[in-house]
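Below, chain A is the first sequence line, B the second, and so on; all start at residue 1.
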There are 2 protein chains.
Amino acid sequence: METKTDMKYNCPIQYTLDLIGGKWKLIIIWHLATEGIMRYSELRRSLKGITHKMLSQQLKELESDGFIHREEYPQVPPKVEYSLTDFGKSILPVLKGMSEWGTSNMNK
Amino acid sequence: METKTDMKYNCPIQYTLDLIGGKWKLIIIWHLATEGIMRYSELRRSLKGITHKMLSQQLKELESDGFIHREEYPQVPPKVEYSLTDFGKSILPVLKGMSEWGTSNMNK
DNA sequence: CGGTATCCAAATCGATACTG
DNA sequence: CAGTATCGATTTGGATACCG
């Protein structure tokens, strides 16, 4: 499968949307930003309503696009921790903007 | 149909994504921001690849969510102009952030 | 010119079951 | 615990034709 960073874009907005658009990715990044390192099960609890399939799929894509780091501890039962990379953190100002805009406009 | 501003959200990111997520909305807003007032056919030319269906659908939603203003001139052949409302303009800083982030990361 | 309507294809999403 | 596999429902997107 071709990663999105392989492709060529002319519009930076299209590019950005392609990387972090969709229903869950920004929410995942947002939770990792505010909570720090999180285990798979913690993420699942925080992101109420997300299914196994969606969570693991989105985590995989976020990892392969360089936004998050996956640390696996070889023990039984397994333990996996997810955290933002520096690249992942670089999108946070945009997210902050969205969050602030949303806060001042929703529920009214 | 229930407009999105009717619904209640707890997460501002979810709210924002719901309003301006999807494949075309931000691009439409972006074009209206840089070009100013645009006719339907101008938008169609600018947004290479968009179909009638998508364009009119997205414009309708953007209008009903308060982002754009639709001015119809009663003449033959018809003429319709679209422009950003103040509310629509209020999202521009977020878009600018996305554009800058995209510019500095794409194609490398 | 600026749209709708219809029909169909494709992508996305979700429930459930199963695994090391 | 942290996933994958499978299937089906739902949503989204596109081609084309038609309308005032």
Side-chain angles (χ1 to χ4, degrees), chain A residues 1-4 7 11 13-15 17-28 31-32 35-65 67-83, chain B residues 1-4 7 11 13-14 17-28 31-32 35 37-65 67-83:
Chain A
M1 187 191 76
E2 162 183 70
T3 66
K4 282 149 191 166
M7 300 164 53
C11 175
I13 305 266
Q14 294 262 16
Y15 167 79
L17 278 182
D18 242 38
L19 281 176
I20 46 83
K23 197 173 170 182
W24 294 109
K25 287 185 180 171
L26 282 183
I27 315 286
I28 294 174
H31 276 267
L32 287 176
E35 316 254 332
I37 297 174
M38 294 181 81
R39 298 183 61 169
Y40 182 88
S41 48
E42 291 181 297
L43 277 167
R44 234 204 134 189
R45 265 192 304 278
S46 289
L47 280 52
K48 305 180 203 11
I50 198 170
T51 59
H52 267 313
K53 181 186 172 183
M54 279 300 107
L55 183 52
S56 61
Q57 203 175 84
Q58 306 291 300
L59 286 173
K60 252 190 197 167
E61 292 183 19
L62 285 172
E63 189 194 0
S64 95
D65 285 333
F67 286 94
I68 64 176
H69 171 72
R70 180 181 185 276
E71 186 72 34
E72 182 173 356
Y73 298 89
Q75 57 186 43
V76 179
K79 171 178 170 183
V80 179
E81 289 181 339
Y82 292 92
S83 55
Chain B
M1 188 192 77
E2 162 183 70
T3 67
K4 284 150 191 167
M7 301 164 53
C11 174
I13 306 266
Q14 294 262 19
L17 278 181
D18 241 38
L19 281 176
I20 45 82
K23 196 172 169 182
W24 294 109
K25 287 184 181 172
L26 282 183
I27 314 287
I28 294 175
H31 276 268
L32 286 176
E35 316 255 332
I37 297 174
M38 294 180 82
R39 298 184 60 168
Y40 182 88
S41 47
E42 291 181 297
L43 277 168
R44 235 205 132 188
R45 265 193 304 279
S46 289
L47 280 53
K48 306 179 204 10
I50 198 170
T51 58
H52 267 313
K53 182 185 172 181
M54 279 300 107
L55 182 54
S56 60
Q57 204 175 82
Q58 305 291 301
L59 285 172
K60 250 190 198 169
E61 291 182 21
L62 285 172
E63 189 193 1
S64 95
D65 285 332
F67 285 94
I68 64 177
H69 171 72
R70 180 180 186 276
E71 187 71 35
E72 182 172 355
Y73 298 89
Q75 58 187 43
V76 179
K79 173 179 169 181
V80 179
E81 287 181 340
Y82 292 92
S83 55

For DNA chain D, find the residues of residues 45-54 of chain B with a heavy-atom distance under 4.0 Å and give them by number; none if there aren't any.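 B/T51, B/K53, B/M54, in order of number.
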Indicate the atoms forming the closest heavy-atom contact of [X] with [Y], along with that distance.
X: B/K25; Y: B/I20; result: CB-O, 4.1 Å
X: A/I27; Y: B/C11; result: CD1-SG, 4.2 Å
X: B/Q58; Y: B/W24; result: CG-CB, 4.0 Å

For DNA chain C, the residues among residues 68-83 of chain B that have a non-hydrogen atom under 4.0 Å from it: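 Residues of residues 68-83 of chain B that come under 4.0 Å of DNA chain C are, in numerical order, B/R70, B/P77, B/P78, B/K79, B/V80, B/Y82.
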Run the side chain to side chain donor-acceptor pair (under 3.5 Å) test against [X] and tell me which residues pass, sequence neighbours left out.
X: B/E35; value: none
X: B/H31; value: none
X: B/E42; value: none

On DNA chain C, does the nearest nucleotide to A/G22 precede the nearest nucleotide to B/S56 from the 5' side, or the other way round? Give the residue.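 It is B/S56 whose nearest nucleotide is closer to the 5' end.
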5'-most contact on DNA chain C: A/W24 or B/K60, nearest heavy atom basis?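 Looking at the nearest nucleotide for each, B/K60 comes out on the 5' side.
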Below 4.5 Å, heavy atoms only, C-beta onward: do A/L43 and A/L59 meet side chain to side chain?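 Touching, per the 4.5 Å side-chain cut-off.
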Can you give me the first and the last nucleotide of DNA chain D (5' to 3') that has an atom within less than 4.0 angstrom of a non-hydrogen atom in chain B?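 For DNA chain D, the relevant span reads D/dG13 to D/dG20.
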Results of side-chain contact (heavy atoms from CB on, under 4.5 Å) for B/L17 - residues two or more places apart only: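 Scan of B/L17 (side-chain contact (heavy atoms from CB on, under 4.5 Å), adjacent residues dropped) gives A/L26, A/M98, B/I13.
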Can you list, pair by pair, the side-chain donor-acceptor contacts under 3.5 Å of residues 75-82 of chain B, counting residues two or more places apart and other chains?
residue : atom : partner : partner atom : Å
B/E81   : OE1  : B/Y73   : OH           : 2.9
B/Y82   : OH   : B/R70   : NE           : 3.3

Quick one: list whatever passes ring pair (Phe, Tyr, Trp, His ring centres under 6.0 Å) with A/Y40, sequence neighbours left out.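 Applying ring pair (Phe, Tyr, Trp, His ring centres under 6.0 Å) to A/Y40 gives A/H52.
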Reported CG-to-NZ distance for the pair B/D18 and A/K23, which is rounded to 0.5 angstrom: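 One finds 9.0 Å between CG of B/D18 and NZ of A/K23.
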How would you give the extent of chain B contacts on DNA chain C, as first and last nucleotide 5' to 3' within a 4.0 Å heavy-atom cut-off?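 Taking any atom under 4.0 Å from a heavy atom of chain B, the span is C/dC1 to C/dC7.
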Please report how far the helix from C/dC1-D/dG20 to C/dG20-D/dC1 bends, comparing the axis fitted to its first five pairs with the axis fitted to its last five, to the nearest 10 degrees.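 Helix axis angle between the two ends: 40°.
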Using a 4.0 Å heavy-atom cut-off across all strands, classify B/R44 as base, sugar-phosphate, or nothing.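 The residue B/R44 makes no contact with any strand.
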